[in-house]
There are 2 protein chains.
Amino acid sequence: MSSFETPDPGNRRASSADVAALAKVSRATVSRCFSDGATVRSETRERVLQAARELGYEPNLLARMLNKQESSIVAVLTSDFTNPFQPALMEALTGRLRAAGLTPLLLKADSVFESADALIQLALSYRVAAIVVTVINASDRMISRCFEAKVPLIFLNRVAEDTPAISVCSNSRSGAFRIAEVLVEGGTTRIGMITGQLGSWTNSMRRGGFRQRLDELGYDVLGSAQGDFTYRGGYAAAVELMDTLPSLDAIYACNDAMAFGALDAVRTLRGHRVPENIAVVGFDDVPMAAWEAYRLTTIRQPVERMVEDTCSILLRPDRGLDLSRQVFLHDGSLIQRATTRPVELRDGEVDERAVSQVAPREM
Amino acid sequence: MSSFETPDPGNRRASSADVAALAKVSRATVSRCFSDGATVRSETRERVLQAARELGYEPNLLARMLNKQESSIVAVLTSDFTNPFQPALMEALTGRLRAAGLTPLLLKADSVFESADALIQLALSYRVAAIVVTVINASDRMISRCFEAKVPLIFLNRVAEDTPAISVCSNSRSGAFRIAEVLVEGGTTRIGMITGQLGSWTNSMRRGGFRQRLDELGYDVLGSAQGDFTYRGGYAAAVELMDTLPSLDAIYACNDAMAFGALDAVRTLRGHRVPENIAVVGFDDVPMAAWEAYRLTTIRQPVERMVEDTCSILLRPDRGLDLSRQVFLHDGSLIQRATTRPVELRDGEVDERAVSQVAPREM
DNA sequence: ATGTCATTGGAACACGTGTGCATCCAATGG
DNA sequence: CCATTGGATGCACACGTGTTCCAATGACAT
């Protein structure tokens, strides 16, 4: 219709200038049409949107972030997806971030032991709005740099002590308490323990809390073996425990994955009956814990609440920058299934002993 | 030492101008120091780097991407992390991307059935270098827009037929062929099948390929039930199959997750012996397939090769933009474990019947 | 002394956006 | 009829980087 010629769109994506030229308005007006709250006549707005549609224009978010000095990207640092609890966490986190208009940038370390420093550096270079760290460690030096740069850093599902950062985690200690009680109330008192890597906060809480409560109840951990939070580690540790202490009647694994390994060693390899001969209990409540082959009694981590907490901190006016060196804990809840002898439940705890495929929880 | 006053660093992150001022050089020289191949005296380079370190400066990647018109961000679209094959894929993909200097931006759909269009739109707004789609669908209209915008779009682990996009996937058909052969060679011929959702390419290949090869060998699928690629679905479908066809001696599940469900139904619920009474076979080779409780015979998807293929396409000079509407398939390999009767293996196939915890594969 | 070359500065432009400020126009009230 | 108001719009700057062109400087070889 109009004989107007755009100067030279070339092979470039359409910019707001192109839209402005086509709609015969200024570039500023185009910008106003795409940011709400601005004052623009409805007739011209329609003309601009039409032109934008025609040219396939959509605002360049990189330029917008550069200009507005605020990012809609959140760096999510992690390592190993092999831990079956990780997907659930990631699922909840990305969902919640998306609801807040934020998009996760995924930075993965090659190993759990690799420092997160390089990844944090990268995240800062992308000028992200925040950094969420799930499994790896970071140096105090680097954490401080984040806060100097006004980028909040939150440890999720992992408590970093004595660092100027926020931590959101499930209360491993109270969960371990409850597990000790369940074993004792069930009448199993010759107890072995399978731990994860030493040095991690989670491990020391799940280990120490269990020991403490058991001691308070008048019992003791007969022996412990070190796994590495993996199935194979749990399997090997269980074999080691049974060889050393033939009289064991319960095994507490600090992790569901290790509990599965222990169960297979106890049941399939040694032919013991569970829970009659030996009870087994884990920690996390990953999806497989509900599968018929395991039916594992465990502590469910309150993933939703942890994620909700994390995001709401980031969405505060101060974005959590005033909260440094603070720890938020959420209690998990006991899920009773078929690998322990039944005990009476408390509020919020779930009985899935009888469940088969009725009310099929997702997967 | 020097009485030089920086104009007003304020609370802002240091920019290249600040570094230039502190190092007493021009901004251009600073830029030269951070982009390699440029000619700069080693002494001044050192001075600049020192100043940068002092100010905690690192180049703003957003500004760089905006300027250079090339992105180091790749959008990775997915849905549901609950499928246990997803983490392995993600792990390999992020690792390979990182090696290429690319960072994944994670865009997750709420449901598998949700169209990817909105997410693709978002990815385009971020001006990503490429888009990798794993499970969800996209409209032809939106795919075309990607290629018009010179953004390559690759379907990974999913073949989208009749769309102007590239697909990289494992060869589900050849894998299904091999499974049919394994069952027949093992002497099991009264075979039931558990399928996933209808309509997906993967499902139709794993289903159709199996049917075809079985037919060529002179046999037929006695009956099939529909799961939904989940454990619960497989469990229910297996129950349905056994009720309908009591004489079954083998079950092929199009998915490991469904195979686990079927195994639990066959073994734990009905008390059958595997593989003596009923053989079970899956597809994917997720980590749990190697666990003692299952020891599942299955087809291992060549994740590494698929990911390598995907990334090398994106790193081609034309970034794969000339390859539209092309499909790259990679053959998987049989992993023989304890849920089928033993057959003779071919090249590249693996015998893990005897494996326990010797040579512990990761997890 | 002169040409050559490496090194650096200076200035400008581009990338694409948001926004404060000024301007313009129409409507309204006195 | 004029002053005022308020909404709609254009101008110019800023965000932080890479690049390019040109000039200047110094070192060095011939």
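A quick note: this is a predicted structure, and the numbers were derived from the prediction, not measured. Residue numbers start from 1 in every chain, and the chains themselves are labelled A, B, ... in the order their sequence lines are given, proteins ahead of strands.
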Could you tell me the separation between the CZ atom of A/F34 and the C1' atom of C/dG16, rounded to a whole number of Å? 13 Å
Does B/T44 place a side-chain N or O at less than 4.0 Å from the phosphate oxygens OP1/OP2 of C/dT8? yes
So, B/D80 side chain and B/V112 main chain: donor-acceptor pair closer than 3.5 Å or not? no
Between CZ of B/R27 and P of D/dC15 the distance, given in whole Å, is 12 Å
Residues B/Y57 and B/S15: closest non-hydrogen pair is CE1-C, 3.6 Å
Tell me if a side-chain donor or acceptor on B/E91 pairs with a main-chain N or O of A/F81 at a distance below 3.5 Å. yes
To the nearest angstrom, how far is B/R45 atom CZ from C/dT8 atom P? 9 Å
Here's a test of your reading of the structure: between B/V25 and B/R127, which maps to the more 5' nucleotide of DNA chain C? B/V25
Do the side-chain N or O atoms of A/S35 get closer than 4.0 angstrom to the phosphate oxygens (OP1, OP2) of C/dG18? no
DNA chain D: B/K68 or A/V40, which has the more 5' nearest nucleotide? A/V40
Test your reading of the model: is there a side-chain donor-acceptor pair from A/R27 to the backbone of A/S16, 3.5 Å cut-off? no
Can you give me the closest heavy-atom contact between A/N157 and A/C169, atom names plus distance? C-SG, 3.8 Å
May I have the distance from A/K24 (atom NZ) to D/dG10 (atom P), rounded to whole angstrom? 12 Å
Would you kindly check whether a donor in the side chain of B/R32 faces an acceptor in the base of D/dG18, or vice versa, at under 3.5 angstrom? no
Side-chain atoms of A/L66 come closest, of D/dG16, D/dC11, C/dG9, to D/dG16
Side chain B/N67 and base D/dG18 donor-acceptor under 3.5 Å: yes
Report the nucleotide, chosen from C/dT17, D/dC11, D/dG7, that has the shortest atom-to-atom distance to any side-chain atom of A/A28. D/dC11
Let me know, please, whether B/A23 or A/A63 comes out on the 5' side of the other along DNA chain C by nearest nucleotide. B/A23
Report yes if at least one side-chain N or O of B/S26 is closer than 4.0 Å to OP1 or OP2 of C/dT8; otherwise report no. no
Atom pair distance, as rounded to whole Å: CG in B/D18 and P in D/dC15: 10 Å
C/dC25 P sits how many Å from A/E43 CD, rounded? 17 Å
Using a cut-off of 4.0 Å on non-hydrogen atoms, how would the nucleic acid contact of B/Y57 be classed: base, sugar-phosphate, or nothing? sugar-phosphate
What is the separation between atom CG on B/N60 and atom P on C/dT17, rounded to the nearest whole Å? 17 Å
At under 4.0 Å, does any side-chain N or O of B/T29 touch on OP1 or OP2 of C/dG9? yes
Think A/Q69 has a side-chain N or O under 4.0 angstrom from the OP1 or OP2 of D/dG16? yes
Take atom CG of A/L55 and atom P of C/dG16, then tell me their distance rounded to the nearest Å. 13 Å
Check this for me: does the side-chain of A/R41 come within 3.5 Å of the base of D/dT9 through a donor and an acceptor? no
Heavy atoms only, 4.0 Å cut-off, all strands: where does B/S31 land among base, sugar-phosphate and nothing? base
Looking only at heavy atoms, the pair that brings B/I143 and B/P164 closest together is CG2-O, 3.5 Å
